[in-house]
There are 2 protein chains.
Amino acid sequence: MKYTEAKEELIQAWGNLGYSWGLNKTMAQIHALLMISTKPLSTEEIMQELAISRGNANMNIRALLDWGIVSRVSIPGERKEYFKSEKDTWSLARQVARERRKRELEPILKILREVSEVSNDGTDETKEFRKVVKDLKNFAEKSDNLLETFIKAEESWFWNSIIKLLK
Amino acid sequence: MKYTEAKEELIQAWGNLGYSWGLNKTMAQIHALLMISTKPLSTEEIMQELAISRGNANMNIRALLDWGIVSRVSIPGERKEYFKSEKDTWSLARQVARERRKRELEPILKILREVSEVSNDGTDETKEFRKVVKDLKNFAEKSDNLLETFIKAEESWFWNSIIKLLK
DNA sequence: AACATGTTTCAATAAAACCTGAAAGTTTCG
DNA sequence: CGAAACTTTCAGGTTTTATTGAAACATGTT
């Protein structure tokens, strides 16, 4: 397989995967581009490679900075801004986990805590509701702890434990 | 907090969460409804509760059946079909993990395996590309194994191991 | 067969998400 | 200051995705 073809395909696939991780397609594609680039890229270069507009490039780069998985790089003597991606897959995953925890798990936990205060009026509906919410809360809290551990863990420690688990 | 209010809020929140799990909003809301219902519901009842059309209800119920997290129930003497959700949070999570693995992780693994065959022409670009792909592949494979274990695991065994991990 | 009861499909429509490009804004430097 | 170099914003246009509702389809029942 040729390089340009492989590159094309990876960017495409990354676009889809990123999408299911809560990024959007373009965001994920910019990220893929930066992942495989040997050097930081400017907005200009990104626009060109992906054939997207300046506004689009700008907005999605900002979103990536927001997620904390891309950073600005200044090159001495140049006024343009350049961008590079965190390349270590492990830190990348940790960062994504951190964001998703903040954006998704925490809000639902908040709601679950709120609605678990529903007044018990003795009807079956309420009883069932309380039961379901309790279970969900329990699960969500366990997941939250697990995620937190993941986020804080060292790579080697984590995988070693997991490998033990898998055996 | 009153029941109807709590119910409303939970359905709303579940809609959002479900969305970030790869379901769509309505699908997730139907699911929430079935989770807290004390009895199986008919299409009619679902339409009413969520104020959605028949077509919409039908399509999303089908999608939930497809994901394997909702099942049909027939009530003797009734012609209508009723639906109920798997209520055990743990099996639910397992089922979602199973589907997402199939729908997301496997496709990207396939691509990663393909593009890792990129011919090494000695340029820096190719070198970097091969390195990145190798790392990603490694990570994706580890995740795949972990997911598989999760999917196959017994609840108690899994959480016990995790609790040990967390300590 | 005609009817009643329920389910599925799908073309049209509506809503949401996304992208563009030009204009406005900012920073740097002579 | 004023111009050049670069970045950000945002109204309007495009694409994608979700929803409706009515017609077609099934499956009994009389």
Side-chain angles (χ1 to χ4, degrees), chain A residues 11-34 39-67 70-84 100 103-104, chain B residues 11-12 14-34 39-67 70-84 103-104:
Chain A
I11 289 177
Q12 211 51 42
W14 205 244
N16 294 336
L17 186 68
Y19 190 74
S20 63
W21 278 21
L23 317 189
N24 75 24
K25 205 178 103 237
T26 306
M27 223 173 134
Q29 289 184 342
I30 294 176
H31 182 249
L33 197 58
L34 293 173
K39 56 177 195 6
L41 300 179
S42 66
T43 304
E44 213 72 38
E45 289 165 308
I46 291 169
M47 285 166 59
Q48 236 211 359
E49 283 273 359
L50 300 178
I52 59 177
S53 73
R54 186 173 298 284
N56 196 8
N58 184 278
M59 275 161 74
N60 283 295
I61 290 169
R62 189 136 46 74
L64 284 165
L65 292 169
D66 227 59
W67 270 72
V70 159
S71 51
R72 287 176 208 274
V73 184
S74 0
I75 295 189
E78 291 239 30
R79 257 174 82 182
K80 231 179 281 187
E81 283 185 329
Y82 288 80
F83 304 93
K84 73 171 204 291
R100 296 198 64 175
R103 291 167 199 233
E104 295 163 19
Chain B
I11 289 177
Q12 211 50 43
W14 205 246
N16 293 336
L17 186 68
Y19 190 75
S20 63
W21 279 20
L23 318 189
N24 77 24
K25 204 179 101 236
T26 306
M27 224 173 133
Q29 289 184 343
I30 294 176
H31 181 249
L33 198 58
L34 293 173
K39 57 178 194 5
L41 301 178
S42 66
T43 305
E44 214 72 39
E45 289 165 309
I46 291 169
M47 284 166 59
Q48 237 213 356
E49 284 273 359
L50 300 178
I52 59 177
S53 73
R54 185 173 299 283
N56 196 6
N58 184 276
M59 275 161 76
N60 283 295
I61 290 169
R62 190 136 45 74
L64 284 165
L65 292 170
D66 227 59
W67 270 71
V70 158
S71 52
R72 288 177 208 273
V73 184
S74 2
I75 295 189
E78 290 240 29
R79 259 172 79 182
K80 233 179 279 188
E81 283 185 330
Y82 288 81
F83 304 94
K84 72 170 205 288
R103 291 167 200 231
E104 295 162 21

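First the proteins, then the strands, lettered A, B, ... as listed; each starts at 1.
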Out of Asp66(A), Ile30(A), Leu34(A), which residue meets the side chain to side chain contact (heavy atoms under 4.5 Å, CB included) rule with Ile61(A)? Ile30(A)
Is there a side-chain contact between Met59(A) and Met27(A) (heavy atoms, below 4.5 Å)? no
Results of side chain to side chain donor-acceptor pair (under 3.5 Å) for Asn56(B) - residues two or more places apart only: Asn60(B)
Closest non-hydrogen contact found for Leu33(A) with Glu49(A) is CD2-CB, 3.6 Å
Give every pair of a protein N or O atom and an N or O atom of nucleotides 12-14 of chain D that lie under 3.5 Å apart, one pair per line with the distance.
none

Any side-chain heavy atom of Ser42(B) sitting closer than 4.5 Å to one from Tyr82(B)? yes
For Lys39(B), what residues pass the salt bridge (charged side-chain N to carboxylate O under 4.0 Å, His left out) criterion, not counting sequence neighbours? Glu45(B)
Atom pairs under 3.5 Å, N or O on each side, protein against nucleotides 28-30 of chain D: can you list them with distances?
none

Run the salt bridge (charged side-chain N to carboxylate O under 4.0 Å, His left out) test against Arg62(A) and tell me which residues pass, sequence neighbours left out. none
Contacts of type side chain to side chain donor-acceptor pair (under 3.5 Å), residue Thr43(A), not counting sequence neighbours: none
If you take any heavy atom closer than 4.0 Å to DNA chain D, which residues from residues 42-50 of chain B end up in contact? none
All heavy atoms of Ala28(B) vs all of Gly18(B), minimum pair found to be CB-CA, 3.7 Å
Would you please name every residue forming a side-chain contact (heavy atoms from CB on, under 4.5 Å) with Lys25(B), sequence neighbours left out? Gln29(B)
How does protein reach along nucleotides 18-23 of chain D, written 5' to 3' as B (base within reach of a heavy atom under 4.0 Å), S (only sugar-phosphate), or - (no contact)? SBBB--
Under the side chain to side chain contact (heavy atoms under 4.5 Å, CB included) rule, what do His31(A) and Trp67(A) come out as? Steps first, then yes or no, please. CA-CA 11 Å; His31(A) 182 249; Trp67(A) 270 72; over 6 Å; no
Is Leu50(A) close to Ile11(A) at the side-chain level, that is, under 4.5 Å between some pair of heavy atoms? yes
What's the shortest heavy-atom distance between Lys84(A) and Val73(A), and which atoms? CG-CG2, 3.6 Å
Of all residues at least two apart in sequence or in a different chain, which pass the side-chain contact (heavy atoms from CB on, under 4.5 Å) check with Ala13(A)? Ile108(B), Ile111(B)
For DNA chain C, which nucleotides open and close the run of contacts to chain B, 5' to 3', at under 4.0 angstrom from a non-hydrogen atom? dA4(C) to dC10(C)
Applying side chain to side chain donor-acceptor pair (under 3.5 Å), can you list everything that pairs with Arg72(A), at least two apart in sequence or on another chain? Glu81(A)
